[in-house]
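Below, chain A is the first sequence line, B the second, and so on; all start at residue 1. Nothing here was measured: the structure is a model prediction, and the numbers come from that model.
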Number of protein chains: 2
Amino acid sequence: MTLGTASTEWRQARRQSARDAIVDAAWAVVAEAGLAGLSMRDLATRAGTTTPTLYAYFGSKNAIYDAMFGQAARAFAEHMAPEYQERDPAAVVRESVGRFVAFSLDDVPRYQLLFQRTVPGFEPSPESYAYAVTALDDTRGRLARVGISDARHLDMLTALVTGLVDQQLSNDPGGRRWVRLIDELIEMFLDHCQRPERKGGSHHGQRQNR
Amino acid sequence: MTLGTASTEWRQARRQSARDAIVDAAWAVVAEAGLAGLSMRDLATRAGTTTPTLYAYFGSKNAIYDAMFGQAARAFAEHMAPEYQERDPAAVVRESVGRFVAFSLDDVPRYQLLFQRTVPGFEPSPESYAYAVTALDDTRGRLARVGISDARHLDMLTALVTGLVDQQLSNDPGGRRWVRLIDELIEMFLDHCQRPERKGGSHHGQRQNR
DNA sequence: GTCTATAGCTGGATAGAC
DNA sequence: GTCTATCCAGCTATAGAC
């Protein structure tokens, strides 16, 4: 790697830290105005600068959303990655779900940006998206290693967990009405997964609904 | 009731049908532009009129959202109300969940308006909200009559169903990837509800998460 | 790179003639 | 009630001086 002189490296480092400062200010704005309420004016004011300066660092407003998405995806990956102390399947699933729920409830706009599609014209770039995909794949792998590998069961678990988070956020924000159901929901889920196959093949696509 | 002459009744009927025509046009607009993409200009064009005329029938844009919410809530109540042929608990739960999911997937903006809080400054009026509350209460009563009455279990079921719908809509729109899991999810849920109480009181609030 | 100033557009809502 | 015309606020984004 002899691509840059020391001076260009300094420049790039300064540029990167300036970009980071803008993204930090962006998180502060959406925390108050909501994810869709981010405006370039507010952001410039909050960052102590003006809109043309923002455009010197980001080509568009969506580029800022994308940088936020990248930060969030990275944080998500780091939050899910640390090794799990527990060994038995129930404990691993519980810890995995617990981490996801804790991460989601910790920062609502971050959750909306990462996992809901709520910003009108925004699609994350492949680079930003990659972190989120990796983290989710890791989680899937971890579940597979403790025996939860059936595709249907994984889809059921994602529906269950996202439903839990969504209900908690929209019907009891700041409370614990649905969060406290985690253990019981996971117990229900694991009991079901460990149950022997049904006679007659009632699942796995043979039978249609209704 | 001697409040109005025949002529004022005619006027009110005409006025109501004009309002209905505007609301119908509004549904057509959101079907194309998304729920948040409704603009008074587009709506006026679609309804074959102009914006001042809209304001002759509705005091604000949110008043139009409210009329849409009222229509949707009424439709939801009518969709859930008809008597159920089935008697045994599993079949009743299955039919109830099936109706909810079918109604939700049938019209996505309608689902978003009714059950998600996605329109920025909009809160439904008490009158419009009443229909939705009634329909949900009826559903709860129906479940209670077949033995699903525990508050925790009801919250679990709502999380499960909304999670199912949300995953289906956002990760496989138009498909059946999560819809086909309905029977298995309900079987799992019912198995859990019919299970005898745990020894030691591990649920019902004694034990906190983590 | 950073500013002032503003272009260009779209939104909700209204004035006033008819 | 319905129109033409318009106001005013907010937005993203840019031109051009320094």
Side-chain angles (χ1 to χ4, degrees), chain A residues 7-26 28-30 32-69 109 113 118-123, chain B residues 4 7-26 28-30 32-69 109 113 118-123 125:
Chain A
S7 115
T8 65
E9 281 167 20
W10 290 348
R11 279 168 188 244
Q12 287 184 359
R14 281 204 69 77
R15 182 173 176 80
Q16 186 58 44
S17 77
R19 284 174 56 100
D20 289 345
I22 291 172
V23 174
D24 287 346
V29 171
V30 299
E32 291 181 2
L35 188 59
L38 177 66
S39 85
M40 298 299 268
R41 285 203 230 278
D42 288 353
L43 175 52
T45 302
R46 173 70 67 142
T49 179
T50 59
T51 49
T53 301
L54 299 183
Y55 284 92
Y57 289 99
F58 295 94
S60 70
K61 183 182 172 181
N62 275 348
I64 294 177
Y65 275 128
D66 193 56
M68 296 170 77
F69 187 97
L113 180 62
T118 178
V119 181
F122 169 66
E123 284 292 316
Chain B
S7 115
T8 64
E9 281 168 19
W10 290 348
R11 278 166 187 244
Q12 286 185 1
R14 281 205 69 77
R15 182 174 175 82
Q16 186 57 44
S17 79
R19 283 174 55 101
D20 288 346
I22 290 172
V23 175
D24 287 347
V29 171
V30 300
E32 291 181 1
L35 189 59
L38 177 67
S39 85
M40 298 300 270
R41 286 204 227 281
D42 287 354
L43 175 52
T45 302
R46 172 70 68 141
T49 180
T50 59
T51 49
T53 300
L54 298 184
Y55 284 93
Y57 289 99
F58 296 94
S60 70
K61 182 182 173 182
N62 275 348
I64 294 176
Y65 274 128
D66 193 56
M68 297 170 76
F69 187 97
L113 180 62
T118 177
V119 182
F122 169 67
E123 285 291 317
S125 66

Residues of residues 54-64 of chain B with a heavy atom under 4.0 Å from any atom of DNA chain D, listed by number, are B:Y57
Taking only residues at least two apart or on different chains, which pairs with a member in residues 51-60 of chain A satisfy salt bridge (charged side-chain N to carboxylate O under 4.0 Å, His left out)?
none
Those residues at least two apart in sequence (or on a different chain) that pass salt bridge (Lys or Arg N to Asp or Glu O under 4.0 Å) with A:E32 are A:R46
Residues that A:A56 engages under side-chain contact (heavy atoms from CB on, under 4.5 Å), provided they are two or more places apart:
none
Test item: A:I64 and A:Y57 side chains (from C-beta on) under 4.5 Å apart, heavy atoms:
no
Residues of residues 32-42 of chain B with a heavy atom under 4.0 Å from any atom of DNA chain C, listed by number, are B:L38, B:S39, B:M40, B:R41
The side-chain contact (heavy atoms from CB on, under 4.5 Å) partners of B:S125 (sequence neighbours excluded) come to B:D66, B:E127, B:S128
Tell me which pairs pass salt bridge (charged side-chain N to carboxylate O under 4.0 Å, His left out) where either residue lies in residues 47-62 of chain A, with sequence neighbours left out.
none
With a strict under 4.0 Å distance from non-hydrogen atoms of chain B, what nucleotide opens and what nucleotide closes the contacted stretch of DNA chain C, reading 5' to 3'?
C:dG11 to C:dA15
For A:T118, give me all partners under side-chain hydrogen bond (donor to acceptor under 3.5 Å, both in side chains), at least two apart in sequence or on another chain.
none
Can you list, pair by pair, the side-chain donor-acceptor contacts under 3.5 Å of residues 36-43 of chain B, counting residues two or more places apart and other chains?
unit_1 : atom_1 : unit_2 : atom_2 : d
B:S39  : OG     : B:D42  : N      : 3.1

Any residue meeting side-chain contact (heavy atoms from CB on, under 4.5 Å) with A:Q12, in chain and number order, not counting sequence neighbours:
none
List the residues meeting side-chain hydrogen bond (donor to acceptor under 3.5 Å, both in side chains) with A:E123, not counting sequence neighbours, and say none if there are none.
none
